[in-house]
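The block underneath contains the structure these notes are about, expressed in structure tokens.
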Amino acid sequence: MAFFSLSSFSFVHPQLRCIVAKMSLLDTLLFYVIHLVDKLGLWHRLPVLGGLVYLGIRRHLHQRYNLLHVGGTTGKKYDTNEVSYRTADGKCNHPIDDSVGSYGTFFGRNMLPATSAYELLDPHPTFVANKLLGRKKFIDSGKQFNVIACSWIQFMIHDWIDHMEDTQQVEIKAPEELEDGCPLKSFKFFETKKVSTGSSCSEIGFVNTRTPWWDGSVIYGNNEDGMRRVRTFKDGKLKIAGDGLLEHDEKGIPISGDVRNYWAGFSLLQALFVKEHNAVCDMLKEYYPDLDDEKLYRYARLVTSAVIAKIHTIDWTVELLKTDTLLAGMRISWYGFLGKKIKDLFGHFAGPLLSGLVGLRKPRDHGVPYSLTEEFVSVYRMHSLLPDKLVLRDIKGTTSGFECAPVIQEVPMVEMVGKEGEKRLSRLGMEQVLVSMGHQACGALTLWNYPSWMRNLVTHDVNGEDRSDPVDMAVMEIYRDRERGVARYNEFRRNLMMIPISKWEELTDDEEVIQALYEVYGNDVEKLDLQIGLHAEKKIKGFAISETAFFIFLLIASRRLEADRFFTTNFNSQTYTQKGLEWVNKTETLKDVLDRHFHGLTKKWMRCSSAFSVWDSEPNKTNYMPLYLRPAAPRI
Ligand code: HEM
């Protein structure tokens, strides 16, 4: 009764009252705090400390109300001391259930499946894609994010998530009146495989064919076969070609942990981290000459996966969400409020807030076994980051002092994909492609920016082989979210305790967008597809993604670290070796990894502070104001 009267306070948005009604008294009060701040549109305008408090409360509420487990936990207990390494299929990470987070387990959910009764083809996905997604003219993301940053997130996606497909095909046919504007009038693709779950929150579920842990499976594979394919079985090392790029099999397909929908930028990052792995092996062998191949491999995998996770957390993400509040927030996730110096000196001694998530005594899953979620997949549909062409630079010239290398050619992206892309990458070499991608801005996550070449795309199967039926990815992505029961935009926001929109003007102030939304959805804001809402939403200054996507991210980014035994209980010298742990602790950024493997490259070509910003842009200005005391400010 007490809860009811609290939740019915008239200032709570009517559509959120039923969510509040399920909350405990304390959580209700916490919800009031963030709801008030949301109503004022204030959190990102608060000084850094205020913003952090808001995000801390929000994350707590999402951990309580937005984690749903799908499927059972049928795993077994095992000896955690015996299995103190990352296994090939992601088993044996959760301390008391060996199956959690392993290959072939269910995607979880952050909210119940969509309750709206709209049909799968309402409105027709081709109509939505033609009217709202198709790229008219390439819109870039300014100096904030480059093509390495875009490849990086694909590199991460291929570490974490992919849906198992059914053998049944679906065909999407464009309605006759739309045929002219469609790259493909009809196309076929495989349905997502539906599996019954036995759980009440969702009777059917979908299976993840990549291990969702942050375990580097993008280079190590997702199971025993994948792992065997990439290893040399000598000194712990992985296979790499003489030119520093990936080796290829007799069909020309790269030999790596994941080869689906590969392109030059993606396979270049795989090769870079194979080099990193092999360099860790060399270092370990020097300090610990008695270690055999298996032990060297295991330690080097732990170290390399942690380096990847760290770069993502304190380098990539702070460029994606370029504000002081997020810079502080991401560093707190890794090092804690007391910061790197204190953690390096005294270790993890003071709990998650003060000493960070990494190194926690026990993993924390908030009572819900770890998995990545359907909603997480949806908010990471970011193909608009991809440009139309890769702008190649000449790095052989005599330019000096961070000058922008001259452009020599613009290669259509389709020619950088698959086997053809691999051949071109090998002709150009790693350094030229790296410098070129570093100098090129990636696409902005906004409407009318979906790459045209992806609307007639030859996709790959799990073995990296070309499929015979090209697809229109823009259309397919709208279909996929609906097929998997992901809530549409407004329901999605409500479930995330965000204020829903009641008219298009609350989503955007762009008149042209409002007109197009009206043409597709009429006045029915409930019908708005999630993808369209995420791309249309007014962005927070400094954020490359929408606020709605960010709140899923806020929950999941910390979960990937805190739920993982190898970032918590076992993030220690016993599990990683002393020298291995030092390697992780000394590596802060992608630039550090590039400097290790390409001597002088960033010194010559990179002017900016992060390897994920456009390389000829200004470095970050020194700010003498302590980070936690700063007012709200974007860092661009
Ligand atoms: C040349 C580069 C890329 C190609 C060719 C490519 C292609 C594809 C294809 C064919 C799918 C499967 C679609 C389906 O069956 O539903 C897919 C899924 C996906 N891609 Fe990409 N992609 C590329 C880059 C990226 C980038 C940069 C991102 C950024 C985050 C990204 C994120 C995703 C996500 C989240 C999915 C959904 C995975 C799932 O359903 O489990 N991709 N991509």
Side-chain angles (χ1 to χ4, degrees), residues 106-107 125 141 145-166 169-170 172 187-193 206-210 212 218 222 258-269 312 316 320 371-390 411-422 425 437 442-443 445 449-451 453-462 464-467 469-484 486 530-531 534 544-545 549 552-553 556 612:
F106 282 104
F107 280 94
S141 56
F145 236 33
N146 63 18
V147 176
I148 302 178
C150 156
S151 311
W152 177 271
I153 190 57
Q154 187 190 13
F155 179 60
M156 292 295 86
I157 293 295
H158 289 227
D159 188 334
W160 302 326
I161 48 169
D162 196 15
H163 277 77
M164 183 178 282
E165 293 170 327
D166 211 330
Q169 281 201 317
V170 206
I172 295 194
F187 64 97
K188 287 186 183 160
F189 56 98
F190 292 96
E191 273 181 14
T192 310
K193 191 172 176 61
F206 305 100
V207 167
N208 192 349
T209 57
R210 293 182 179 133
V218 62
N222 290 289
D258 190 282
V259 289
R260 198 167 188 204
N261 302 314
Y262 59 97
W263 75 284
F266 168 74
S267 88
L268 182 149
L269 287 177
H312 187 84
W316 186 86
L320 176 86
S371 66
L372 291 173
T373 62
E374 290 303 338
E375 293 73 18
F376 174 79
V377 174
S378 299
V379 300
Y380 269 100
R381 295 188 177 281
M382 297 182 179
H383 291 109
S384 305
L385 292 173
L386 289 157
D388 295 326
K389 293 170 183 158
L390 193 72
V411 186
M413 276 295 285
V414 264
E415 293 175 24
M416 300 304 294
V417 176
K419 289 181 199 166
E420 195 184 341
E422 289 299 287
L425 174 61
M437 295 202 310
C442 71
L445 294 166
N449 205 22
Y450 202 96
W453 57 272
M454 294 195 102
R455 301 201 59 192
N456 183 357
L457 181 75
V458 175
T459 61
H460 299 146
D461 64 18
V462 282
E465 302 265 13
D466 286 356
R467 283 199 154 143
D469 296 308
V471 300
D472 182 335
M473 285 281 291
V475 174
M476 190 157 78
E477 295 209 67
I478 296 294
Y479 183 88
R480 284 295 194 216
D481 280 354
R482 295 183 190 173
E483 177 198 33
R484 295 169 187 170
V486 177
L530 178 64
Q531 286 316 307
L534 297 178
I545 58 171
I552 289 286
F553 167 91
I556 302 290
F612 296 119

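Excluded from the calculations below are hydrogen atoms, water molecules and symmetry mates; all remaining heavy atoms, backbone and side chain alike, are included. Remember, it's 1-based here, ligands and their atoms both numbered in the order they're listed.
- Close approach of ligand 1 to Met382 is summarised as follows: ligand atoms under 4.0 Å from at least one heavy atom of the residue are 29 (C), 30 (C).
- Regarding atom 9 (C) of ligand 1, its nearest protein heavy-atom neighbour is Asn261 ND2, 3.2 Å.
- Among protein heavy atoms, the minimum distance from atom 13 (C) of ligand 1 is reached at Met476 CE, 3.4 Å.
- Side chains of Arg381 and Leu534 form no contact here, defined as non-hydrogen atoms less than 4.5 Å apart.
- In this structure the side chain of Phe189 never reaches within 4.5 angstrom of the side chain of Asp469, judged on heavy atoms.
- Judged by distance alone, with hydrogens and angles left aside, the side-chain atoms of Ser141 form a donor-acceptor pair with the main-chain N or O of Cys442 at under 3.5 Å.
- Heavy atoms of Val377 found under 4.0 angstrom from ligand 1 belong to the backbone as well as the side chain.
- Remark: side-chain polar atoms of Trp453 are paired, donor with acceptor, to backbone N or O of Pro387 under 3.5 angstrom.
- Contact annotation for Thr192 and ligand 1: no heavy atom of the residue comes within less than 4.0 Å of the ligand.
- Using a 4.5 Å heavy-atom threshold, the side chains of Val475 and Arg455 count as touching.
- Counting protein heavy atoms only, atom 1 (C) of ligand 1 is closest to Trp263 CD1, 3.3 Å.
- For the side chain to side chain donor-acceptor pair (under 3.5 Å) with His163, the lone residue among Lys193, Glu483, Arg480, Glu374 that qualifies is Glu374.
- In the candidate list Glu191, Arg480, Met473, Met473 is nearest to atom 17 (C) of ligand 1, counting heavy atoms.
- With a 4.0 Å heavy-atom cut-off, ligand 1 is reached by the side chain of Met454 but not by its N, CA, C or O.
- In this structure, Asn208 contributes its side chain and Trp160 its backbone to a donor-acceptor pair below 3.5 Å.
- Of all atoms in ligand 1, listed by their number and element, those nearer than 4.0 Å to a heavy atom of Thr459 are 10 (C).
- Not a single donor-acceptor pair under 3.5 Å links the side chain of Glu375 to the backbone N or O of Val486.
- Across Gly265 and Met437, no two heavy atoms sit closer than the pair CA-SD, 3.6 Å.
- Of all atoms in ligand 1, numbered sequentially from 1 with element shown, those under 4.0 Å from a heavy atom of Ile153 are 29 (C), 30 (C).
- Taking all heavy atoms of Met164, Arg260, Arg381 into account, the minimum distance to atom 36 (C) of ligand 1 is reached by Arg381.
- Considering both main-chain and side-chain atoms, His163 comes within under 3.5 Å of ligand 1 through a nitrogen or oxygen pair.
- Using modelled atom types, one side-chain atom of His460 and one backbone atom of Asn261 make a donor-acceptor pair closer than 3.5 Å.
- For atom 35 (C) of ligand 1, the closest heavy atom belonging to the protein is Tyr380 O, 3.2 Å.
- Note: an N/O pair closer than 3.5 Å links Arg484 and ligand 1 by distance alone.
- Regarding atom 19 (C) of ligand 1, its nearest protein heavy-atom neighbour is His383 CE1, 3.6 Å.
- Scanning all heavy atoms of the two residues, the minimum distance from Tyr380 to Ile153 falls at CE2-CD1, 3.5 Å.
- The part of Ile157 lying near ligand 1 is the side chain, judged by heavy-atom distances below 4.0 Å.
- Scanning all protein heavy atoms for the shortest distance to atom 27 (C) of ligand 1 gives Cys150 O, 3.5 Å.
- Contacts between Trp453 and ligand 1, counted as non-hydrogen atom pairs separated by less than 4.0 Å, involve the side chain only.
- Within the 6.0 Å centre-distance limit, the rings of Trp152 and Phe155 are counted as a close aromatic pair.
- Closest to atom 3 (C) of ligand 1, if we only count protein heavy atoms, is Gln154 NE2, 3.3 Å.
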